[in-house]
Amino acid sequence: MNKIEHCLAGILLLCFTTVALATDDAPVLYQQYCAACHSKDRLGAQGPALLPQNLKRLRKKQAFHVISQGRPATQMQGFGNKLQPAQIQSLVDYIYTPLKHMPKWDLAAIRASQIVQHRAGSLPDKPKFQADIDNLFMVVETGDHHATLLDGDTFEPIIRVPTRFAVHGGPKWSEGGRYIYFLSRDGWVSKFDVYNLTWVAEIRAGINARNLAVSADGRYIMVANYLPHTLVLLDSANLDPVRVIPAADEKGQTSRVSAVYSAPPRHSFIAAFKDMPELWEISYPEKTAVSLSFDIRKLKLKGILDDFFLTQDYKRILGSTRGGGTQVIDLDSGRDIARLDLPGLPHLSSAITWKRNGTRVLATPNIRKSEIAIIDTNTWKIIKRIPTKGPGFFMRSHENSPYAWTDVFFGPNRDLMHVIDKQTLEIVKTLKPAPGKTSAHVEFTKDGRYALLSIWDMDGAIVVYDANTLKEVKRIPMVKPSGKYNVHNKLTRSEGTSH
Ligand code: DHE
């Protein structure tokens, strides 16, 4: 090829690329820009399903804004610098078009997906390694979809195993730390036998799932789904599906499930919904019960709960709506007992509590405002708003620690971590463990002596701090370690961690 031909070929290639990029053929654009996170058939994967049924609360105008600007508090980036407005509009119209064939994900489909590698009872009942089981951590490494089992005394990894794609939320421990259950965004529940360091069973409970909860007695797993609109109850032994509970109101209008949590003292699961103002309490039978009845108590609310927090005694629930407004509901009477002035979007599922001046205070980060709100849980009054260097996502403490840790997850200061004195309610130190890299999600050892912090980076780490002197003790390389979960703190429902 001579120089002129080379130039012409270059111009042609440029024209072709421009034409290809300028296409407003929505299905093509979708495959190019959206499919990697939302799946090629729009059923959701790491990102939510993009179907009209799932977008009920998002007006088309807002969807246009989200595609061009991204969505705070999610991994959704903006495409305004890559796509023309007409192309964005064609994508909006495309995602609001119903699928020609809505896939069913019923009991039969769930059952057909089940994989049992080792049946319950077939593996030894003794750990294969030496460590205090009560002080183990499971670290989820979302960077390359792995999980690391960490010894909480030596801070040495015991094993690192691949997980399903995009595990989200906290994996849940059960039976004294023998088993741990993971959930991926695309609905896979995976059971890991810690004693034998192996996966034992898996099942796909939904097409797009939110989170899972384990019953207090360890016998049941409840999965909250976005798609389909269901709660799925599994028998924990081999993850056999027991029941699919449609998430629907009395008129048959279905809803995505916001989340489900276990309420051990109540012997129940508590679920809230994204598209209907209801709160469900699903009780499970005692071990000795003859019949398998799962009663559902449905409370009507004044507003939708997108995110919520259950008090330590499981008597009250504090819930927030993305559109604004935080309500306190008494779980026994179902009554709305207080309203809180918490502008922005308090991240209540990350809230923690502690005792101060004879009362129990609740502290919540806010994913739209640079503050930590401190609330008296007797009066439900806000007693302090602690200004931070940016909106935060997670918050943690421990019964034995004088400090509460909170990240600055969003904005230019995301490499900072504030340490707050739980009595004076002042920030006493701001750490910068890895300049330029997000530092987030702290979890304590079982005695509260050490705090483990994540550096959310492909070249990331767990940084271990002495929780009293706030000095670094150790750095363990990890691949974007999103969260870590300590057996003791989770199973004892420590006031300083999420449940
Ligand atoms: Fe999460 C927990 C919802 C985005 C990382 N997140 C949870 C839980 C819920 C939730 C309901 C509690 C689950 C549990 O542990 O039982 N998360 C949401 C959202 O609605 C939101 C804002 C939007 C979405 O994309 O679904 C969202 N979450 C994210 C992220 O973008 C994060 C930062 C990265 C990721 O992995 O996707 C993220 N979420 C986490 C983590 C937890 C979590 C690490 C566990 C917290 C804990 O310690 O308990």
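Note that this is a predicted model, so its numbers are computed, not measured.
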Task: Test of ring centre spacing under 6.0 Å for Phe308 and Tyr261 - done: yes

TODO: Give a yes or no on whether the ring-centroid distance for Tyr485 and His441 is below 6.0 angstrom.
DONE: yes

Task: Aromatic centroids of Phe393 and His347 separated by under 6.0 Å - done: yes

Open item on the list: Closer than 4.0 angstrom, basic N to acidic O: yes or no for Glu141 and Arg160?
Closed with: yes

Task: Asn366 (side chain) donor-acceptor with Gly392 (main chain) under 3.5 angstrom - done: no

Task: Validation row: Phe309, Leu362 side chains within 4.5 angstrom (heavy atoms) - done: yes

Open item on the list: Centroid separation under 6.0 Å, is that true for the rings of Phe269 and Trp280?
Closed with: no

- [ ] Using atom types as modelled and distance alone, determine if a side-chain donor or acceptor of Asn196 lies under 3.5 Å from a backbone N or O of Pro124.
- [x] yes

TODO: Specify the closest pair of heavy atoms between Ser258 and Leu305, including all atoms of both residues, with the distance to one decimal.
DONE: OG-O, 2.7 Å

Open item on the list: Does anything in residues 155-174 form a ring pair (Phe, Tyr, Trp, His ring centres under 6.0 Å)? List the pairs, not counting sequence neighbours.
Closed with: His145-Phe165, Phe155-Tyr450

Open item on the list: Quick check against the 3.5 Å criterion: does Glu399 have a side-chain atom that pairs as donor or acceptor with the backbone of Glu495?
Closed with: yes

- [ ] Name all pairs fulfilling the side chain to side chain donor-acceptor pair (under 3.5 Å) condition that reach into residues 234-244, sequence neighbours left out, sorted by first residue then second.
- [x] Gln114-Asp240

Open item on the list: Whether the side chain of Thr311 engages the backbone of Arg316 through a donor-acceptor N/O pair (distance < 3.5 Å, no angle test) should be reported.
Closed with: yes

- [ ] Looking only at non-hydrogen atoms, find the nearest pair between Lys172 and Val214 and report the distance.
- [x] CB-CG2, 3.6 Å

Task: Heavy-atom closest contact (Lys484 atom, Ala440 atom, distance) - done: NZ-O, 4.2 Å

- [ ] Output yes when Glu281 and Lys298 qualify as a salt bridge under the 4.0 Å nitrogen-oxygen rule, no when they do not.
- [x] no

Open item on the list: Strictly below 4.0 Å, N to O, side chains only: are Lys384 and Glu426 in salt-bridge contact?
Closed with: yes

TODO: Examine distances only and state if a side-chain atom of Lys432 and a backbone atom of Asn413 form a donor-acceptor pair shorter than 3.5 Å.
DONE: no

TODO: Could you go through the side chain to side chain contact (heavy atoms under 4.5 Å, CB included) check for Ile270 and Tyr314 one step at a time?
DONE: CA-CA 10 Å; Ile270 309 278; Tyr314 291 85; 5.8 Å; no

Open item on the list: Donor-acceptor check, side chain of His398 to backbone of Asn489, threshold 3.5 angstrom: yes or no?
Closed with: no

TODO: Keeping the roles fixed (side chain from Thr142, backbone from Lys480), state whether a donor-acceptor pair exists under 3.5 Å.
DONE: yes

- [ ] Begin with the C-alpha distance, continue with both residues' side-chain angles, and end with the deciding distance and a verdict on salt bridge (Lys or Arg N to Asp or Glu O under 4.0 Å) for Lys389 and Asp415.
- [x] CA-CA 10 Å; Lys389 292 279 183 193; Asp415 51 4; over 6 Å; no

Open item on the list: I'd like to know if Lys381 and Asp376 make a salt bridge, using a cut-off of under 4.0 Å between side-chain N and carboxylate O.
Closed with: no

TODO: Working to the nearest 0.5 Å, report the span between NZ of Lys355 and CZ of Arg360.
DONE: 5.0 Å

Open item on the list: Minimum heavy-atom separation for Trp105 and Arg204, please, with both atom names.
Closed with: NE1-O, 2.8 Å

Open item on the list: Tell me whether Asp407 contacts the main-chain N or O of Phe394 through its side chain, where contact means a donor paired with an acceptor under 3.5 Å.
Closed with: yes

TODO: State, yes or no, whether a side-chain contact exists between Ile296 and Ile245 at a heavy-atom distance under 4.5 Å.
DONE: yes

- [ ] Could you walk me through whether Asn378 and Thr359 pass the side chain to side chain donor-acceptor pair (under 3.5 Å) test, one step at a time?
- [x] CA-CA 7 Å; Asn378 281 329; Thr359 184; 3.0 Å; yes

Open item on the list: side chain to side chain donor-acceptor pair (under 3.5 Å), that's the test. Do His418 and Thr406 meet it? Break it down for me.
Closed with: CA-CA 5 Å; His418 293 306; Thr406 187; over 6 Å; no

Task: Verdict with reasoning, Lys490 to Glu443, per salt bridge (Lys or Arg N to Asp or Glu O under 4.0 Å) - done: CA-CA 10 Å; Lys490 293 297 177 192; Glu443 182 63 276; 3.7 Å; yes

Open item on the list: Under a 4.0 Å threshold between the charged nitrogen and the carboxylate oxygen, would Asp330 count as salt-bridged to Arg335?
Closed with: no

Open item on the list: Between Val463 and Ile455, is there a side-chain heavy-atom distance shorter than 4.5 Å?
Closed with: yes

TODO: Check for a donor-acceptor pair, side chain of Arg297 on one end and backbone N or O of Asp332 on the other, with a separation under 3.5 Å.
DONE: yes

Open item on the list: With heavy-atom distances below 4.5 Å as the criterion, would you say the side chains of Ile386 and Ile420 are in contact?
Closed with: yes

Donor-acceptor pairs are to be reported for all side-chain atoms of residues 130-138 against protein atoms at under 3.5 Å, with residues two or more places apart or in another chain.
from: Asp132; atom 1: OD1; to: Asp134; atom 2: N; distance (Å): 3.0
from: Asp132; atom 1: OD2; to: Lys446; atom 2: NZ; distance (Å): 2.9
from: Asp134; atom 1: OD2; to: His488; atom 2: ND1; distance (Å): 3.1
from: Asn135; atom 1: OD1; to: Lys446; atom 2: N; distance (Å): 2.9
from: Asn135; atom 1: OD1; to: Asn486; atom 2: ND2; distance (Å): 3.0
from: Asn135; atom 1: ND2; to: Gly152; atom 2: O; distance (Å): 3.1
from: Asn135; atom 1: ND2; to: Asp153; atom 2: OD1; distance (Å): 3.0

TODO: Could you tell me whether Arg449 and Asp447 have a side-chain N and a carboxylate O separated by less than 4.0 Å?
DONE: no

- [ ] Using a strict 4.0 Å threshold on nitrogen-to-oxygen distance, state whether Arg178 and Asp193 make a salt bridge.
- [x] yes

Task: Side-chain donor/acceptor of Arg493 to backbone N/O of Pro264, under 3.5 Å - done: no

- [ ] Give me the ring orientation class for Tyr220 and Phe294: parallel if the planes are under 30° apart, tilted from 30 to 60°, perpendicular past 60°.
- [x] perpendicular

TODO: Test side chain to side chain donor-acceptor pair (under 3.5 Å) on Asp186 and Ser184 and set out the steps.
DONE: CA-CA 5 Å; Asp186 55 4; Ser184 74; 2.4 Å; yes

- [ ] Indicate the atoms forming the closest heavy-atom contact of Val442 with Arg396, along with that distance.
- [x] O-CG, 2.5 Å

TODO: Could you tell me whether Lys274 and Asp306 make a salt bridge, using a distance below 4.0 angstrom between a side-chain N and a carboxylate O?
DONE: yes

- [ ] Give me the ring orientation class for Tyr284 and His267: parallel if the planes are under 30° apart, tilted from 30 to 60°, perpendicular past 60°.
- [x] tilted

Task: Any side-chain heavy-atom pair of Leu340 and Ile375 under 4.5 Å - done: yes

Task: Evaluation steps, side chain to side chain donor-acceptor pair (under 3.5 Å), between Arg164 and Ser190 - done: CA-CA 8 Å; Arg164 288 270 168 187; Ser190 312; 4.7 Å; no

Task: Heavy-atom pair of closest approach, residues Pro481 and Ala461 - done: CG-O, 3.5 Å

Open item on the list: Less than 6.0 angstrom separating the ring centers of Phe182 and Trp199, yes or no?
Closed with: yes

Task: Pairing of Lys474 and Glu156 as salt bridge, 4.0 angstrom limit - done: yes

